[in-house]
Amino acid sequence: MVAYKNSKEVELIRQSGQILSDTLAEVARFLRPGVTTAQVDELAESFIRSRGAVPSFKDYHGFPNATCISVNEEVVHGIPGPYIIQEGDIISVDVGVLKDGFHADSAYTFAIGPVRTEVMKLLLDTKASLYEGIAQARAGNRIGDISYAVQKYTEIDRGYGVVRELVGHGLGKKLHEDPQVPNYGKRGNGMKLREGLVIAIEPMINLGTREITYREDGWTVATRDGKPSAHFEHTVLVGNRGPELLSSFSRIEAEEAENPALNRDS
Ligand code: MG
Ligand code: MG
């Protein structure tokens, strides 16, 4: 069942999304070689709580942390811990924020220091594919239009692997609601989009093949071929004037540009 949102509910999700985007901007400012993923998680959690919100992922189905931090070949659901971030790593940080009863969900992949050109391109292309998907999130279109736009940009046109097992989703009072939003599919297929639908669109794109494997920690999803994977996610409203972002990358990108430890060309 799909829970369409009224304007008051949309504003509450937008408020959670603002805190979430500010959290990822703090992460962008903090990231550098030598810090552990656990330290990144602690920073995010204390920032979220300082804004009177709660990290959605903490204890979600038993997940131990506030953020999912997935390094290099890890696709999603990485558990923050003692891993020390190094130059050349890519770090996907996925965060959920709950405030006043409504969740927002967003993710960003950061490049630490110089990364290989093909890996930097994977990040840029994955982010661009997210916006290709978002452009289709308009009333009258169907879920498959979003799915196809992401798959076309990444897999069909550029030869990346699109993960099949994990998908985007509706969200609001719950972190995961109907409908599912796959990153692959056919134009004109699936549920028709209606004003008031709020969905997380989240391409998970592999440099190599689309196959994944589950690590023994019970959470971490990694590429089977060991090649890097990128993940970008926005919370998006199907609005009366087309797609509307309820999360934002603008502060994250500003901090990213200011942080000398991020995104240097190799
Ligand atoms: Mg997420
Ligand atoms: Mg999500």
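Throughout, residue positions are numbered sequentially from 1 according to the sequence presented. Each ligand, and each atom within it, is numbered from 1 in the order the structure gives.
Nearest N, O or S atom of Asp105 to the Mg ion (ligand 2): atom OD2. Within Glu202, the N/O/S atom positioned nearest the Mg ion (ligand 2) carries the name OE2. For Glu233, the N, O or S atom with the smallest separation from the Mg ion (ligand 2) is OE2. Take the N/O/S atoms of Asp94: the one nearest the Mg ion (ligand 1) is OD1.
A salt bridge does not link Lys121 with Glu118: every distance from a Lys NZ or Arg NE/NH1/NH2 to an Asp or Glu carboxylate oxygen is 4.0 Å or more.
Aromatic rings from Phe63 and His77 are positioned such that their centres are separated by 6.0 Å or more.
Note that the CD1 atom of Ile252 and the CG atom of Asp22 stand 9.0 Å from one another [nearest 0.5 Å]. For the atom pair CG of Asn263 and CD of Glu253, the computed distance is 10.0 Å after rounding to the nearest 0.5 Å. To the nearest 0.5 Å, atoms CG (Asp105) and OG1 (Thr235) are separated by 5.5 Å.
Within the coordination shell of the Mg ion (ligand 2), defined by N, O or S atoms under 2.8 Å, His176 is absent.
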